[in-house]
Structure formats: C-alpha cells, structure tokens
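Single-structure report; data block below.
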Amino acid sequence: MQLSEQENIRRESLKKLKAYGIEPFPQHLYPVEDYAKNLIENFSEDKTVCIAGRLMRRKIQGKASFGTIQDSSGKIQVYFNRDEICNGEDKSLYNDVFKKWLDLGDIIGIRGSLFKTRVGEISILVKEFTLLSKSLKPLPLPKTDKEGNTYDAFTDPELRYRQRYVDLIVNSHVKETFIKRTQIINSMRDFFNSKGYHEVETPILQPIPGGAAARPFITHHNALDTPLYLRIANELYLKRLIVGGFDGVYEFAKDFRNEGMDRTHNPEFTVLEIYVAYKDYNWMMDFTESMIENTALKVFGTTEFTVGENTISFKTPFKRQSMRDAILEHTQLDIDGKSEQELRNWCLDNNIEVDKTMGKGKLIDEIFGEKCEGNYIQPTFIKDYPIEMSPLCKKHRENPELTERFELMVNGKELANAYTELNDPIDQRERFQEQLKLSEKGDDEAMFIDQDFLRSLEYGMPPTSGMGIGIDRLVMLLTNQSSIQEVLLFPQMKPEKWDSGPDLEAFKNCGIPEEWLEHVYNAGFNSVEDLKEAKKTAIHQKLNGFRKKNKLDIPALQLEDIENWSV
RNA sequence: GAUUCGUUAGCUCAGCUGGUAGAGCACAUCCCUUUUAAGGAUGGGGUCCUGGGUUCGAACCCCAGACGAAUCACCA
C-alpha cells in the first residue's frame, strides 16, 4: 500500500514526537472533567477545565494559535499561546510539538481556563496539552461559513457508509440521526415496560425459518451437521412464550432476508414484535397509534413530521379503513364475492402483472399494492386482509374469507403489520398445508410447517394480538431520511477490494536486487506476472524513468540486469 | 436484472472543438500575540478507474470491463 505525501508527513511527525520523548499512543487514562457543549452552555469566566477530543481546526499566528476541539458533545475553540504553554526558555513544546508535529485529527487532552475572545467566542486558554492519540490519515474536513453554507462536504455515500467512523467525525448531523434512533427505541421500550410487558431474546439461528414469507440466509452447524437459517421473523417463538404464560412479550429483533438491496432494503434490519394475551386487533390498533404518538412526543416533542415533500401527523386517532373499502375507493372495484378468475381478469385489464402462481389473496394484494398503497400518506390502518395471504392470522369474526389483520400505512408504505393471532391449532395446521400447496405451485415465499409451533398451540394459546413494526423505516420517517442506509450505522456493502501490497519476497526470488524491490512495485509492477507480461526493454525504461523522477540514490539498471531476472 | 449518470490531487470539484493536467481547501517552508468559511508569501503533490482501439497527438472520441449512484423491477 502506497502512502500519500500527507500520510508520510504524519508518519514523520510521529517519529519526531517519539524522538522528542512524547509517546504518541500513551497507555494512561486522561482525567476528562468537561465537555464542549456544557462549557459553552454554562460559561463561567476563568473556570479551570480539563477536556479531551479531536483537533479539528488549527490556525497558527506566530506566538498564538486558535484551534477547535471536538469531543462527544460538540466543539469548542481552544487558544494556544506560546508563553502560556512554555514557561521557561525552551519554547519547543509550542514551536515544534504543537506547531509542527501535531496534525488535524489528533486526539489531545487539554487543561486550561475558560475565557471569551475579543470577538466574543467562548474559548479555552490552554495551559497544558497532552497528545492522547496520533492520527495518521488526513480527515476530509468540510468548512461552514457564517451563512451556514458548507464547502468541501464529505458526501459520497459509498465512502460515508464504508467509513462511517469518518462520516460521524466530520458530519455532525449524522451522529444526531443515530442518537435519535436510540432514543426512539428507548422510548418504545419504556412504553412497553410501563405496561408490564416483558422483553425477551429468541433464537436468531433457527432450524425452520418461520413467521414470514421471505428467502432466508442458510448456514450450517458443524457439530449437529444440520442446516440452520438466520431468522426472517421471531413471531413463532414469541407466540410460544404466550403459550408458556407470559401476558406480554416483545423483542427488538434483527431479521435477515436474502433479497434485493436498495434504499429501503438491507439484508439485516430491525423489527419490533410484540404479542399481548387476551387482546384483539382492534385493541392493537389503539395500542400501536398511541405508542407511535408517545414516541414522537417523547423524542421530538411534536406529532408533526416533515418527510420529503409531505407533512405527516402522528396525532391519534389514525384513520382506519378496510382493504375492501380501500380498493373500492381507489379503483371502483368491489372485491367482495369476486372469484379468482374475475380478479385476475381485472388485473389484466388494468395493467397489473400477474402470474399463474397467484391465488386470490395475492391478486388482491397486488391490486392494493399497485393502486392504493401509495395514496396513504397520513397514517392509516388498512384492515381485514384476504385469508390466503395471512396464514398466521385468525379468521374475521364476520367474514370467513377475511382475517383480522391490519397494516399501518404511512407515507405510501407499510410501516407495521398486526393480527388477531390464530390460536386454533387445527386451523393453523390447515393454513400451513395451504402454504405448502402454494409453494408447490411455485410461490417461493410460502412458509414451512413448524411442527413444534403447532404442538405448542395444541396445549392452548390465549387469544392474542401481535404486532410488528419496522424500526429502520420508523426511524427514517421520524428523522426525514430517504434511505435505510442513513439510519443503519453499518449498512451492508459489497466487500471492499484491498490492495494486498507487494509480494516483495516473490520479486526477490526472481533475482531482483534488494534496493530495487520496493521501487519495482511503486513503479507500477504489482506482481511477478506483470513483469513477465512486459517487454524487458519496457521494464528497463520504466524503472530507470522511475529512478530519475524520484531522484533515487541507487545505480541505474542495465538492460542485462533485467535480462538476468527470471521473469 | 434494466436504464441513465458518474469515476481527474488527501477532500470538494473545473477542464472548451482532441493540442503542455487546473482551482479552492488540506499539506510543507517562512512571516504574523485574539482569529472567524481562507491573515500574507512561496512551494510540493496526479496510474485523469482499468484494458484495448482511432489519431501525428486522447482526461476528452470508439469498444470492452471494474466500481459506484439514481430511477425502475423484485421485495408481506
């Protein structure tokens, strides 16, 4: 790996610091007492402070310098004065250590006192500074002017996601989003706990990937010599716990689905699922809307959110509409009593793609997805889904073709999904068998039969309502982010390709002299194969050209030298 | 998977009709004792994504590929 000029300069500074007697990566703790944000908010003249953070700006003006220290709470200006730092005749601590060998990005500790500059900016007069960690790579440092315009912003999404640590250092709003994310989850957790519901952990490695229709990741357990799947949902485990006697259980779960990736899909994502005994889906609608409203108010102090071009209100109550009415409203089609063939014909007439594997439920789902879903900007519960597409949901109390299921639509997308849970084990077994038929018909999302889950239902599960909500998408809505990658600290990316560096040993084995090994690589020959492919004369010219350009203090190569190499 | 766009200095980006690779910041050296996006001066820094082709000459045109982004498709 070739270092840039700036990286070399920093490595030189590192050597000089060591030679001077300063350990650039010391072991000792640093007794931090203060934080930038707090010092600025509670300014008190001449207060003695001790702070640590990253040096983000440095402006040297002779015997005085200004800088900015960024810690976990924010930024504060620091003022270095030569004679404050160096009491005696020896001014090297300022002239050399601070001015020459410290770099932007270094982590330092500072003791000093608070004051305001002539311009009125709260600053720390540095009395003593300690290098706590040297930074060997230059940071991309954006600048912001008085009007708030940012220059040289570090915006390339690929670099930002791959090097989130850099993104977090230089783009303060990014950190803000992730702080909000944690607060949202905490507030939901508090809400559930205040109702007495129990947070649990269920298996991520599952022998049967159940509870949803999705393509799973598959792995293998060596000792058991059996396949295991990364969970696509935790529903069936949580319901087993309701059978076991918990009244309310919930889990913030990472689920994994082996499907496409785009700005709303990441292979692993976070879902909250909650199951409450003795409740139904009507109760769950009340519960869900009040949970969301509560989170909005606790974390953001408002129920009104700007999402892209829309303003969305999470003020309760949310609108409720049946699937039949939704489709009727947006297409004038009444799905009630229609046969599979009638629905399929309607789809064909209305440019909705269908195929043979689609049953009645799937067709209705397609119609809703194509013609209705996008219209629901304000939070709306769409309820009473066709039975075929809800194999874990109890039949509707008034219409056996439907189930007691709702989805919460916000900003034209599904946010949450909930049922009055199916607890009749005989019905459940039949529904699984229906799924099996669908799967034989070619639906690769149809579910497996989980025998143990059926056994648990046979012992009796109280009437229960369950709800799942996509945490990543909820955070996107509440923080006005348009891609899931912006709310995941480390979104999945294609593996990065790394230059493994020169195989100098291989060069050496070809008879290339010691003093040339590194230069052969730096001149552009990455491997012995490269040398073999090139003409001897070309190698000769290229290497001597490299020698001349870099003013290398080694003898020029003769063509015979290269002919003697075994390349 | 399809389409479109992109890849030039550490960062953000210019680069005309094909004719000597540029700017700002960052970096280095020097000057400056309270600055405010960058005080002043000077300087170093490039595999123009890769490989072919066209051409007297390619960052630029053509072909192939790599990587990325956006849109679409897929996606309970």
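So that the names make sense, note that chain A is the first sequence line, chain B the second, and so on, each numbered from 1.
- For the C1' atom pair drawn from B/G65 and B/U7, the interatomic distance equals 14 Å after rounding to whole Å.
- Using a 4.0 Å cut-off between charged nitrogen and carboxylate oxygen, A/E7 and A/K137 count as a salt-bridge pair.
- When heavy atoms are screened at a 4.0 angstrom cut-off, A/I9 is found touching the sugar-phosphate backbone but no base atom.
- Side-chain N/O atoms of A/R215 include none lying less than 4.0 angstrom from OP1 or OP2 on B/C74.
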*When you look at A/N417 and A/R405, which way does the side chain to side chain donor-acceptor pair (under 3.5 Å) test go after all the steps?*
CA-CA 7 Å; A/N417 182 18; A/R405 170 181 183 177; 3.1 Å; yes
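- Side-chain to base pairing of A/Q61 with B/U33: no donor and acceptor N or O lie closer than 3.5 Å to each other.
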Between protein and nucleotides 69-72 of chain B, what N or O pairs are separated by less than 3.5 Å?
unit_1: B/U71; atom_1: OP2; unit_2: A/R263; atom_2: NH1; d: 3.4

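- At whole-Å resolution of the value, NZ in A/K63 and P in B/C31 are 12 Å apart.
- When heavy atoms are screened at a 4.0 angstrom cut-off, A/E407 is found touching no nucleic acid atom at all.
- Aromatic ring pairs are classed by plane angle as parallel below 30°, tilted from 30° to 60° and perpendicular above 60°; the pair A/Y79 and A/F66 is tilted.
- Closest contact between the side chain of A/Q6 and the listed nucleotides B/A26, B/A28, B/A76 involves B/A26.
- Nearest-nucleotide assignment on RNA chain B puts the 5′-proximal partner with A/M261, out of A/M261 and A/E235.
- Which of B/U33, B/C27, B/A76 sits closest to the side chain of A/A213 comes down to B/A76.
- Heavy atoms of A/R58 sit nowhere under 4.0 angstrom from any nucleic acid atom.
- Counting any heavy atom pair closer than 4.0 Å across all strands shown, A/I60 reaches a base atom.
- For a distance-only test at 3.5 Å, the side chain of A/E5 qualifies as a donor-acceptor partner of the base of B/G44.
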